[in-house]
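Below you'll find the structure, written out as structure tokens, and then a few comments.
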Amino acid sequence: MADVLINPVADRLSPLELLRVTLAAASDPSQVAIRELPFLCQIALRGSPGNTLFMAAVQKALGLDLPVKAGSVVLAGSVRALWLGPDEWLVVAPDGAAPALLSALAAALEGVHAQAVDVSANRTVIALEGPRAAEVLAKGLTLDLHPRAFGPGRVTQTILARAAVILEQTGEAPAYRLYVRNSFATYLASWLMDAAAEYRLPPLC
Amino acid sequence: MLLISCPHCGPCDETEFHCGGEAHVARPHDPAALDDAAWGAFIFMRNNPKGQFNERWVHAAGCRRWFNMVRDTVTHRILAVYPMGSRPPAGLGHLGAAVVEDAQ
Amino acid sequence: MTKPMGSHRTANGGRIDRSRPLSFMFDGVTYGGFAGDTLASALLANGVHLVGRSFKYHRPRGVLTAGADEPNALVQLERGARTEPNLRATQVELYQGLVATSVNAWPSLTHDLGAVNQLLSRFFVAGFYYKTFMRPKVLWDRVYEPFLRRMAGLGRAPELPDPDIYDKMHVHCDVLVVGAGPAGLAAALAAGRTGARVILMDEQAEAGGSLLSSAESLDGKPAPDWVADALAELASLPAVRVLQRTSVFGYYDQNFLCAVERRTDHLGPGARPGLSRQRLWHVRAARVVLATGAHERPLVFADNDRPGVMQASAVATYVRRFGVRLGSRAVIFTTNDSAYDAVDALLAAGIGIAAVVDSRPDPGPRAEAARAAGVVVHAGCVVAATHGTRRITGVEVRGCEGGVLAPAGLRLSCDLLAISGGWSPAVHLFSQSQGRVRWDEAKLCFVPGEAAQAQTSAGACNGTFGLGAVLAEGLAAGASAAHLAGFGDGAVPATPAVAEVAAAPGDALWLVPGLKPLGRAGKHFVDFQNDVTAFDIRLAAREGFESVEHVKRYTTNGMATDQGKTSNVNGLAILADTLGRAIPEVGTTTFRAPYTPVTFGVMAGRDLGEMLDPVRTTPIHAWHVARGALFEDVGQWKRPWYFPLAGEDMHAAVRREAKAVRDGLGVLDASTLGKIEIRGRDAGVFLDRIYTNLFSKLGIGRCRYGLMCKEDGMVFDDGVTARLGPDHYYMTTTTGGAARVLDWLEDYLQTEWPDLEVYCTSVTEQWSTIAVSGPRARDLLADLAPGMAVDPESFPFLSMREGMVAGLAARVFRISFTGELSYEINVPSHLGLAMWQAVMAAGARHGITPYGTETMHLLRAEKGFIIIGQETDGTVTPLDLGMDWIVSKQKDFVGKRSLTRSDTARADRKRLVGLLPEDEGEVLPEGAQLVEMAGGTPPVPMLGHVTSSYWSPNLGRSFALALIKGGPERLGQIVFAPLAGGRTVKARIVEPVFLDREGSRQNG
Amino acid sequence: MKQRFSAFTLLRNGLSWHENWQRQWRSPDPKPAYDVVIVGGGGHGLATAYYLAKEHGITNVAVLEKGWLGGGNTGRNTTIVRSNYLWDESAALYEHSLKLWEGLSADLNYNVMLSQRGVMNLAHNLGDVREAQRRVHANRLNGVDAEWLDTAGVKEFCPIINTSPDVRYPVLGATLQRRGGTARHDAVAWGYARGADARGVDIIQNCEVTGFDIEGGAIVGVQTTRGAIRTSKVGVVAAGHNSVLAAKAGIRLPLQSHPLQALVSEPIKPVHDCVVMSNTVHVYVSQSDKGELVMGAGIDGYNSYAQRGSFHIIEHQMAACLELFPIFSRLRMLRTWGGIVDVCPDASPLLTKTPVAGLFINGGWGTGGFKATPGSGHVFAHTIARDEPHPLAAPFSLDRFTTGALIDEHGAAAVAH
Ligand SMILES: Cc1cc2nc3c(=O)[nH]c(=O)nc-3n(C[C@H](O)[C@H](O)[C@H](O)COP(=O)(O)OP(=O)(O)OC[C@H]3O[C@@H](n4cnc5c(N)ncnc54)[C@H](O)[C@@H]3O)c2cc1C
Ligand SMILES: NC(=O)c1ccc[n+]([C@@H]2O[C@H](COP(=O)([O-])OP(=O)(O)OC[C@H]3O[C@@H](n4cnc5c(N)ncnc54)[C@H](O)[C@@H]3O)[C@@H](O)[C@H]2O)c1
Ligand SMILES: Cc1cc2nc3c(=O)[nH]c(=O)nc-3n(C[C@H](O)[C@H](O)[C@H](O)COP(=O)(O)O)c2cc1C
Ligand SMILES: [Zn+2]
């Protein structure tokens, strides 16, 4: 009975696929735009930055030095490492990169106290861009996003409205990425659309 | 709304944290060796001072790390933040009687 | 009825826009006003002075103030869904078509039946209700209390849900300045020029504070022009933000302040659909400058509450800022210089002044100046009584020395009485910040003491009253705040030049004697809104209520919607006098948030409806919806509860689903289960300490069910954990416990056992979990995973395999929560729906049936499997559950020591058993309590309760699980469940496994 | 003899311009010695003193209050009174209390405004329903009136509740205790104070207890800011501060002190004629006889001795409240405040003797002790007078934390009340 065969790429459904059109309709690049970046490769990485074996192994596998400064992001080519905690990172890469990166990590980390787990399907990513993006976030975020306090290359785990998110600033414009657990994605997307709605109204006199 | 300085992430709103009660209460090494009263004290008896309190917090919505803090329970002023497994800065807080020994 | 527009206006001037007339309605009458008016100014400009009735005595009341401190002029705004009670007319901006009604008056404001209370007022003194209505109790229950309640309240709640929306914003700044009067503007300028991030918030429609009604000039400019220039400069500073119509209402720890911005209220109801009506600002500021001004104190004299009695500063404001001719003949009664500002305003507007009554025997230069302008000043005199009902018509003026009235005086007729008893700095926010106020005997007011947070007070709120000094203080506060926040060098800009007026000290006159002993003629109101009189305060003291807090509560002084802005200081001064104590000894009551009332809606913000709490769904959710599932809330998750076919109720659906699983094949979306990857050299040891049973010896590729306890020995969570490699485990938890368990593991790892080399990572949502269960599950898996050896030897119960299922790399666990042959197929959640569909397609020929949580609960109960939170409630140990087999004797684990405590080790604890109702069709209600014998009068000793109960199509009868004292020793005994309506159900205690005791179904 | 309060005396005093009202309680200086000293002039402490005098004839009693009497949690709670607790021990204690409430105004000759308007506890999910029904069944067998209402019943009992099935957490039903309701918090303190005072008890305000004198393991006196007082029996009834005081006697208590916040709306005409509580969405609300909506928020997570908490707790609670009561959206919050509640690990109180002879502790009432005021005072007076626990108090002793015989009322206390 091998007739039920699933295509592991084509048959995927991202958490916000069903909202794709709605998100597009709610977006206005001159104000704020919201869209899903589905299926990014994400790897949860744990290890001690004090362990030179670990740091070296990761450098070897990913071609980058993991960020040790709180809240920072290191990029190398298409791979980025997000600092999540003093012994915790999220490695983000394009769709499809996970198997290769994971096996490279597994090989390099052999015998090292570390953990690398594929979490590509654990969270989805929402891109939020446009001049009003920071203001939209400020409606539900207790953090300070002012350029003096945050900016491109910065990342943090926090709570947006009532959902836990990883927030990364990717551009000056500003542009942000919100990494959110699948089950919260619909809530968060709805919340963002609601928060952004007023910027599509004529301005308050 | 407290503003708490996570030792890793810096100042963040209280809503990102979770308070874990009194700090420096180590789990006994050999629970079986304790009588009911001593074991009961370990589970239930905690310091509850009016004034400086050594307490544990975790940056639950942020870096997920636990740390210690001395906070005044009357003014809500935060006097020190220090890592798990270390002693409070000299002259701050007072360790409760339940402290069998330091965790680490 | 329509009245001509604003017949009581000055010829010109003021900040109203005379080119923009507006019409509005008050108590059914249409009036006219102008843009820039408040409802209060517009009413006054129409000669309407009677605007409300007081709470207790229903006394006619007029507008007393021009701001947030207004106690009298409360209105019900608008009608229908957008109606809003108790708004202060002094703060409501006029808009076209505004509709307002007075509160607490029936049938009308002019003829109010509640006014009969005035006749009984002699008996309705403070606290009278504590002294009566005690007996008989039924009269209290049926008559008195309902009557008191009917008298309660002021305005009315809407009867419909709110059509408007509200939202929130979080901001951070270097310097927050509260109040945009001269002090606040100066502070914002000084701080803003340094480049610091400055936010200036002010509750009024426009900035300027008292300068908007000031006749003074700054640097030679009229005050309002200086304000305009200051605003223009602030607008040019990119890091400065000015928010008008924004009331800062709360000052919390570590410089966290909350404010409400009224974004659309001034535009009228529903004017801006889609835009939030009000916005709650959360501000975290490095430094705060409070520049909130001061409130003028009324004077306490007999019948000081008549419409037409008004704060002197409000008189100046209405005349100058709003161009209102408040009357034709005014009397000014004051204890201090500031009322002479009202004199100047009235003179300039050409309003007649009958006299100034100044309590000071020697009132000083301002009085001299007034006299020079032709005004009669009665020095050393007071107003001892007033006349008029719906509007003041006259006053009795008497000399007063040492608190004793002169035997004779004169009567002045007037239609306006401006009063000033001095000023109370608005120390509300300062006090909320935990700063202590101190009494300033020279200034006769409470002023801020030492700051408790990174904060400075400037201007009138700091007890500084001269404009030059106010500006200087504001500039210094702003410059220093910025400097302390890391901006600028702290240098203070030059103070604008203002003309200083020589000032004379004010007089401490807290209670003006009346013509008769206190309370016998006329009422000396202290708290206008709550009708608290000086007499009430004296009475409270006489009855032993000596603490200012007791007096507040006994008399309700300061507890009305204005929170005593005009009454607190007078009240405590009268108390101090009564007790023969000094004012600082009596002290103030506690200032609390909010500074002015805040709508509930804005506190909820957008967190309503679906956004109250995130709805979490699995990747397969849409399929469940399409299939007509009903859902159960489990924490934030929506889980399919059951899948009814047309015409089925829950019972029918569950019977069908449950039969399908036992007889054929069922499928459940188990994706919500918590999943944790655990890795590290010490992973096994760690799990041994966390679970009651042993995991370090588990074979690779094998799974084991485990229980976790808290240190108190009570069961906390459960689940199956698999060993994927030598140092690699995969833990599952309950749906509700997922986050809790992960946090708890981290807690132990980080704080208790940091020496253990273990990392944990949540993968709850990485995987979709599809449980296929039933005798045909193996056939299905064989179909879907042709490459996987699924025979019992190759893939035994409690093991896991990784392999290709329907073309996908999957993790398959052979575990069972139903007691049937079951597999849990895990695939990355992006593919969960695809896998579910594949399972449904492949299962079609096996008659696959999707089932929900209800069926799952039934099936596991047939096997006696527990559910955390149903069989357990935080008071149940593993032994209570009869799970001794899972409690390791060899090793320590979290909670183990607690199991041998004397009470926890008792044999007659409530323990898990099964129950078979005598009537096989009778399903015991879950939660039913069990007793040894039917009947009896309460309290009836209880043996325990039913934790789970179902009718089972597989057993063909009802059954239940229960926790019963000494349960296992009572097997075979009969217990009774007394139910509502006197019915009792009989049931027999049995072993808690009802089906396949040997486990051949799941193991086979 | 104390002046009696009645409609008649009110009338008579009105006619004499209220000049003849007596003090409701004296303000004596502390005597050097008392038979019993009660530490804490809240409702529980005052009730204890009242019943010591009334039921046990012990009148040489001082109540020492560090501030103004009734200024602790008694003066800052949301006044909900009910007795529908789950476990037998609690049900017995709170029902004992409710029975005393029902005669209290008459007993004290002080109108404490008990208003038995009914308390509903809402159920929003299947787990809630199960727990609620378990409680109803247990209550009935314990002689506590209890009913289960379905959604329609809830709507009928409280028409302004949103019972639409389409809300985030629909109302699936509720337990109802009709005898539950509210009472006037201040009047309870004042009524007991007046009653105790009339029987000879000295109520001493502005007198903080700063230490205990203990000799040979027995109490011999207390130290106060107004001097030392000798006594052989001390009852500590200092909600929020019990652990601080116990520590001065060398005793550790399983208590943690947290802020609990409450708020009132501006007064409005009556719209809400019962008490509604909800564990799941975390709300409790009633309307006072003066017209304010009285609402409780959740407990703050940190320990505190400041009578204030964090604002987000209130925001959270308000969202839940509006979900249940959409018509409240345009009403306005008038005042917020906080109290310090000391909480036991099992959410049940301590009514206990201590290792120090003559030292008794009554505390740990957490978020829900107002309703227990009469009962607590009554059984605690017995415990002190007889030097042995009243049968209803016995299960609430300190040694349950050693034996494990906890009385876990977290279900009852999951939402403060
Ligand atoms: C916001 C809030 C809402 C609540 N809602 C409810 C509810 O709806 N229903 C309900 O049943 N319960 C409720 N409670 C709980 C209830 O208020 C308390 O359990 C109860 O009032 C405790 O009474 P008490 O007399 O023991 O304490 P308190 O009234 O606090 O009295 C203790 C007294 O001890 C004094 N004291 C402390 N230390 C010393 C010392 N060293 N020397 C002398 N005196 C000292 C204090 O000043 C205080 O006056 C609520 C509590 C809060 C804070
Ligand atoms: N002659 C006197 O005795 C006397 C007495 C008092 C004031 N004054 C005069 O009044 C002026 C005082 O200046 P100032 O700047 O200190 O006060 P101000 O009254 O001019 O300004 C205070 C401003 O703060 C706003 N405000 C108050 N509380 C607020 C809150 N919680 N949130 C947002 N905004 C809030 C007010 O609406 C107002 O606009 C001076 O000109 C002074 O001479 C004179
Ligand atoms: C049931 C109840 C009703 C209350 N009603 C009012 C009220 O109508 N107006 C008011 O200002 N405060 C009201 N309060 C709050 C008190 O003013 C005060 O805030 C509370 O007793 C706590 O004291 P504190 O704020 O002085 O610390 C009420 C308090 C309670 C417990
Ligand atoms: Zn952190």
Side-chain angles (χ1 to χ4, degrees), chain C residues 84-86 122-123 125 128 130-135 145 148-149 152-158 161-162 250 252 258 519 539 543-544 547 549-550 553 561 592-594 597-601 603-604 607-608 610 612-613 632-633 874-875 901-904 925-929 938-940 942 945, chain D residues 5-7 10-11 14 17-18 21 23-25 27 68 71 105-106 109-111 115 125-127 130 133-134 137-138 141-143 168-169 186-187 266-271 289-291 310-311 314-315 318-319 322-323 326-337 403-405 408 410:
Chain C
E84 198 169 358
N86 306 341
R122 187 162 176 182
F123 307 103
V125 285
F128 75 94
Y130 299 127
K131 295 177 178 156
T132 180
F133 308 142
M134 268 95 62
R135 281 173 199 267
E145 203 214 359
L148 279 181
R149 296 203 80 196
L154 293 167
R156 294 182 186 282
D162 193 343
Y252 299 88
C258 292
L539 173 65
E543 290 193 80
S547 156
E549 297 286 5
H550 277 154
R553 287 160 178 79
T561 67
R592 295 277 191 184
V598 175
T599 46
F600 287 175
M603 287 192 281
D607 293 350
L608 293 173
E610 287 285 276
L612 175 66
D613 203 16
E632 179 189 358
D633 284 309
T875 70
R901 291 175 301 174
S902 60
D903 187 80
T904 322
E926 288 174 352
Q929 297 287 334
V940 183
M942 286 167 256
H945 73 284
Chain D
F5 286 164
S6 68
L10 187 66
L11 195 70
W17 302 110
H18 298 282
W21 289 113
R23 296 178 67 95
Q24 298 197 9
W25 52 82
S27 186
W68 41 284
S105 293
N109 180 230
Y110 209 94
N111 191 347
S115 172
N125 58 46
L126 299 178
R130 202 177 290 121
Q133 299 208 345
R134 176 180 174 193
H137 286 120
L141 289 165
N142 273 324
R168 178 69 184 90
Y169 290 115
D186 291 328
E266 295 181 328
I268 45 165
K269 296 287 172 203
V271 281
D289 284 352
K290 275 192 10 241
S310 297
F311 187 61
I314 292 182
E315 291 179 273
M318 197 54 78
L322 294 192
E323 184 75 352
I327 65 161
F328 289 173
S329 173
R330 295 176 91 86
L331 302 183
R332 299 191 297 168
M333 174 173 86
L334 171 62
R335 187 173 173 101
T336 61
W337 66 93
T403 64
D408 193 323
H410 275 106

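We name chains A, B, ... by the order of the sequence lines, and we start the count at 1 in each one.
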Heavy-atom pairs under 4.5 Å with chain D: which of [options] has the most?
| options | value |
| --- | --- |
| C/Val940, C/Thr904, C/Val598, C/Thr875 | C/Val598 |
| C/Glu543, C/Glu549, C/Met603 | C/Glu543 |
| C/Pro161, C/Ala604, C/Pro925, C/Gly519 | C/Ala604 |
| C/Gly874, C/Ser902, C/Gly601, C/Pro594 | C/Pro594 |

Is it true that D/Phe5 and D/Tyr110 have ring centroids separated by less than 6.0 Å?
-> yes
Heavy-atom distances under 4.5 Å only: say whether D/Asn142 touches chain C with side chain, backbone, both or neither.
-> both
Part of D/Leu11 lying under 4.5 Å from any heavy atom of chain C = both
Side chain, backbone, both or neither: which part of [X] has a non-hydrogen atom closer than 4.5 Å to chain D?
| X | answer |
| --- | --- |
| C/Glu145 | side chain |
| C/Leu154 | both |
| C/Arg135 | side chain |
| C/Pro85 | both |
| C/Tyr252 | side chain |
| C/Ser547 | side chain |

Can you tell me if D/His18 uses its side chain to pair, donor with acceptor, with the backbone of C/Arg122 under 3.5 Å?
-> yes
Does C/Lys131 use its side chain to pair, donor to acceptor, with the backbone of D/Ala7 at less than 3.5 Å?
-> no
Please give me the minimum heavy-atom distance between [X] and [Y], naming the atom from each residue.
| X | Y | value |
| --- | --- | --- |
| C/Tyr130 | C/Met134 | O-SD, 3.7 Å |
| C/Gln929 | D/Arg134 | NE2-O, 3.3 Å |
| D/Thr403 | C/Arg901 | O-CB, 3.3 Å |

Side chain to side chain donor-acceptor pair (under 3.5 Å) partners for D/Arg335, two or more places apart = C/Gln563
Taking side-chain contact (heavy atoms from CB on, under 4.5 Å) as the test, write out the residues that go with D/Ile327, two or more places apart.
-> D/Ile160
Salt bridge (Lys or Arg N to Asp or Glu O under 4.0 Å) evaluation trace for D/Arg332 with D/Glu266 = CA-CA 6 Å; D/Arg332 299 191 297 168; D/Glu266 295 181 328; 3.1 Å; yes
Most heavy-atom pairs under 4.5 angstrom with chain C, which of D/Gln24, D/Arg23, D/Arg168, D/Arg130?
-> D/Arg168
Looking only at D/Asp289, D/Leu10, D/Asn109, most heavy-atom pairs under 4.5 Å shared with chain C are made by D/Asp289
